[in-house]
Structure formats: structure tokens, C-alpha cells
Engineer: 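The following block contains the structure, expressed as C-alpha cells.
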2 protein chains.
Amino acid sequence: MASSTVENYLKAALLHEQAHGGIVPMGALVEALAVVPGTVTTMVKAMAAQGLLAHEARQGVRLTPVGRALALGVLRKHRLVETFLVRTLKMDWSEVHDEAEALEHAVSDRVLARMDEFLDHPTTDPHGDPIPDAEGRIADTARQATLETCAANKPLRVARILDQSPDFLAYAQDCGLKPGARVKVLQRDAAGGVVRCETKPGQELTLGLPAAAKIVVGAAA
Amino acid sequence: MASSTVENYLKAALLHEQAHGGIVPMGALVEALAVVPGTVTTMVKAMAAQGLLAHEARQGVRLTPVGRALALGVLRKHRLVETFLVRTLKMDWSEVHDEAEALEHAVSDRVLARMDEFLDHPTTDPHGDPIPDAEGRIADTARQATLETCAANKPLRVARILDQSPDFLAYAQDCGLKPGARVKVLQRDAAGGVVRCETKPGQELTLGLPAAAKIVVGAAA
DNA sequence: TCTTGTATTTTGAGTAATCAAAATAGTATG
DNA sequence: CATACTATTTTGATTACTCAAAATACAAGA
């Protein structure tokens, strides 16, 4: 049985791997888990001894197949729980991340299966993040366009928000940028570092590039 | 913040207090928490230092008002979660106890409040155990009749099952003794140690006294 | 090449919770 | 009253996780 701590290390490694690819530097785990560097070294060694990840000295870690499978299970629990909290218990999508952070370690596979059934097998959570299926398969979401990179003057839909912080999520909601919402990029000003877009006819919005990069968009089906 | 371990010690003390009254002997905690006696002594001292309970040397413990309030909160979480798992996720009432055991420490007050609302403020869980309200008030269930002690030949209803083990619960279900079910005691044979009762017209059932003592009954409204 | 700076590792120590086994207190029995 | 039994406490260790601070490795710049 993996402890909550081990599950958190695995999940952090998986998320970093999905976002950046390749090896996961120790510093990324230090950041994600909010512990001092020495702690990560110690934990990583113990986890490597258990076969959950490979530790390349002074470089970082890579998940082993076993470690990745466990990490995907944790991610599945996290995202199904978030979906459940929003859809069923009507909680605000900006507040469910922290709740799911605690529940993901306490929900058994049995409960998870019933929840999945109850929600009718959702494929994305309220932030648009893909939910791994029961076998650990997950939709590939690499190289998707964001408001920073997408084509201008085409009707689009918000697919996903790449930031779980309540502050940013509340801001996104304010701007009408929840997953599923329509958007169109009107103009991009690289020098000024802003993107001007339209959420509803007549409703304009100017976003800084770092914020724009957190809004994943797709074709407006 | 009380750790899961501390919450479990508090809950065990509360349940023992409700079932037997008076001081809770160390041995009761040893039993309930499945640890060796020395561990209980150590934990109890630490918890007494935190003001959660009073430790009377060589006698046992008593909950302080603070400790009791925390324990009632844990019990509320446990029983609301059980109710939720059965009513909403359609899990079997015989399997939800262990699941709730894990979830009671991970569910936040915010989630609990939404759950309570969603379930329309239930007052008992699937086993008939009373659910403390948000202020920690709980229905008094002392001196209720059981199949071992109740009057014979009166139409009754099962109110509560005083055993959380999947085995006993499955057996009770088999006998048609879920909370809400009708029963009548036909005859009690103290010498033989059995109680004969009727669950449906023509459906008879003979129970040993220890089992009969676990079935709480009330008037058949 | 030498130096600097940053990431990582090592070392030493602390906390929470646990066990095994020996010591002790208290109760009950002959 | 002495003895035996049982419940509780003490003592000494262990595991998992953590921090602070010193040591080390490595990449890059002067």
C-alpha cells in the first residue's frame, strides 16, 4: 500500500512528465510538494528501492511502469472526485481542487467504481482535465492550442484551464472562460504581451500572455 | 488539527462511553484500535496534554468537552458518509462501514455540509445509528428494547443493528432484519438461549440471545 | 583554467505512532 | 496475609517523514 505521501510524489512526477516530458528534476518535486530538497532526495531513494521510480543521480527521476500505473490511479481518483463534487454536490469548481487533494487518498477502488458509474463515466473533470480510464489510459493532450498560440479570428471553445488555483479559476469564471465557453481571438500583441479576445458578441477581454497560455482552446464544434 | 489516529481514539472513547457509560478503560481502546497496551498509554498521555481527554491513572479516560465535540464531529462524518454511500452510490449496507472508516478523516466540513444538504439532513444512517447534528446533538438511544428484551406478541419494527461487521449485517439482511422491517417476538426461551420470532406472516426465525441483543426494535408505528 | 552559482546530496536531529518486553499496581483468591 | 492474576505503565527501539545546514557536483562565465 502506497502512503498518501508516496501517492503525492508519484502524482507530482506524472503531472510534470505530462507537462514537460523527459526526466523530472528533483527541484520540480521540491516545488510541487513544498518540502526542502533533502527530503525529496530521501523519499526518492526509498521509492526507487520500491521500484516506483528510477533515480538518476543529480538529474532527477523517471516513473517506472509500476509507478506510472499507481500515479494514473491517483490522478483518476482526483479528477473523478472533482467531477463528483461539482456535478453532484454542486460545489464551486474553483474550490474543489483542495478537497479532492485530501479525498483522492481515502477513496477506495470500490467507491471509485460506483462514483464513475453514477457520473456516467465522465472523460474530463470540471477544469477540462482528462480523466484516465480504469485501465490507466488517458487522452493525449500534448500540443493543444491555447489563447497564446491559437489562430486568430476563428470561433473557438475553451477546452481546459491549466491552473488549479482558486484565484485564477475565479478570475477565469469572471471573464466567462469556463470549459465549454465560446471565445475568439481578435488580436495578439506580442510586443505588449497581451491578447485581445471576444467571449460574447460585444464582450471584449484583454489577457496577459501568461494568463492566455493557461487557457486551452479547441474548434467550436 | 487532530490526526486520523487521534480522531480514531476519540471516536472509540465516545462509542464506548455511549454503550457503557462512565470511564473508558484503557483495555477498551486497546481492543477498539487494535494496538498494544503501551501504545494506548502513550497516545492517551499526549491527548490528555492537549486537553482532549482526562487520564485517570490505572483507571482509564474520560472525554473532555473539547474531545467529545471533536468525537461527535467524526461520528457525524462517519454516519453521513455511510448514508451517502448506500443511498446515493447504491453500495451494500454491509460493506460501507470500512469505507466510511477511511473517508471520515478526509471529508472536510464544507463537503460534509453539502452532503448533508444533498441527503436532506438524515437523522439515522443505514444501520439505524443516530447521526449527530451539525452542533453535535445526538438522539439519546440508551435503554431501547432489543429482540432480547422487548415485549412478546406485539408488532414491532427493527430500528437499529448494533454490529457493524459485514458478516453479521449480511446475516441480518438474510433474515429480513434491516432497519424498518417488521418483526414480532413469538416466544422467548431463556433456558435454551433462543428467541423465536416472525418477520413476515408465516416466516419464522429462531435467533440466539447474543444475536437478538444486537437487534434494536421499536413500536411498529 | 579558475571561479561562481545553482541543484542536489549528505549528515544530524526531531516528531508521531508504533511494538516488544520488563516492571508495577491493584484486585481477587486461597 | 501472601499469592496469583490481570490491567496498565515504563523503557528502549523502530519506521516514515520531515527540517536545517553543511558538503558536493556540475555547468557556465570570466
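Naming: A, B, ... by sequence-line order, numbering from 1 per chain.
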Engineer: When you list every nucleotide of DNA chain D with an atom under 4.0 Å from a heavy atom of chain B, which one comes first 5' to 3', and which comes last?
Structural biologist: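 Listing 5' to 3', DNA chain D meets chain B from D/dA7 to D/dT10.
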Engineer: Should B/R76 and B/D133 be marked as a salt bridge (Lys or Arg N to Asp or Glu O under 4.0 Å) after you check the CA-CA gap, both sets of side-chain angles, and the distance that decides it?
Structural biologist: CA-CA 7 Å; B/R76 174 169 162 80; B/D133 71 17; over 6 Å; no
Engineer: With side chain to side chain contact (heavy atoms under 4.5 Å, CB included) as the test, would you mind laying out the steps for B/L75 and B/L15 before giving the verdict?
Structural biologist: CA-CA 9 Å; B/L75 200 60; B/L15 289 175; 3.9 Å; yes
Engineer: Base, sugar-phosphate, or nothing for A/V35, non-hydrogen atoms under 4.0 angstrom?
Structural biologist: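 Counting heavy atoms under 4.0 Å across all strands, the contact made by A/V35 is with sugar-phosphate only.
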Engineer: Which ones in residues 45-62 of chain B lie close to DNA chain C, meaning a heavy atom under 4.0 Å from one of its atoms?
Structural biologist: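 Within residues 45-62 of chain B, the residues near DNA chain C are B/R58.
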Engineer: Between B/R188 (side chain) and B/E148 (backbone), is there a donor-acceptor pair under 3.5 Å?
Structural biologist: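 Indeed, once roles are kept as given, a pair shorter than 3.5 Å links the two residues.
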Engineer: Indicate yes or no for a side-chain donor-acceptor contact from A/S94 to the backbone of A/A170 under 3.5 Å, with no hydrogens or angles considered.
Structural biologist: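 Not a single qualifying donor-acceptor pair exists.
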Engineer: Looking at A/R62 and A/E17, is there a salt bridge between them, counting it only when a charged N and a carboxylate O are closer than 4.0 Å?
Structural biologist: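 Between A/R62 and A/E17 there is no salt bridge, as every charged N stays at least 4.0 Å from the carboxylate O atoms.
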Engineer: Nearest-Å distance, CG (B/L33) to P (C/dC19)?
Structural biologist: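 Roughly 10 Å, once rounded to whole Å.
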Engineer: Using nucleotides 11-16 of chain C, report all nitrogen or oxygen pairs with the protein that are shorter than 3.5 Å.
Structural biologist:
none

Engineer: Within a reach of under 6.0 Å around CD of A/E31, are more than 12 heavy atoms found that belong to other residues, nucleotides or ligands?
Structural biologist: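 Result for CD/A/E31: open.
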Engineer: Taking CG from B/L29 and P from C/dC19, how many angstroms apart are they, rounded to a whole number?
Structural biologist: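 Those two atoms, CG and P, are 14 Å apart.
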Engineer: Is the phosphate of C/dA17, meaning OP1 or OP2, less than 4.0 Å from a side-chain N or O of B/T39?
Structural biologist: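 No, because none of the side-chain N or O atoms of B/T39 sits under 4.0 Å from OP1 or OP2 of C/dA17.
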Engineer: Give a yes or no on whether a salt bridge exists between B/D189 and B/R196, defined as a side-chain N under 4.0 angstrom from a carboxylate O.
Structural biologist: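 Result for this pair is no, no salt bridge flagged.
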Engineer: Do you know which of A/E82, A/H127, A/Q173, A/Q164 makes side chain to side chain donor-acceptor pair (under 3.5 Å) with A/W93?
Structural biologist: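 Per the side chain to side chain donor-acceptor pair (under 3.5 Å) rule, the option paired with A/W93 is A/Q173, out of A/E82, A/H127, A/Q173, A/Q164.
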Engineer: Give a yes-or-no answer on whether the side chains of A/H78 and A/D125 include a donor-acceptor pair shorter than 3.5 Å.
Structural biologist: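 Distance-only check fails for A/H78 and A/D125.
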Engineer: Check B/K11, B/K77, B/R79 against B/E104 for a salt bridge (charged side-chain N to carboxylate O under 4.0 Å, His left out) and give me the one that passes.
Structural biologist: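 When salt bridge (charged side-chain N to carboxylate O under 4.0 Å, His left out) is applied between B/E104 and each of B/K11, B/K77, B/R79, only B/K11 qualifies.
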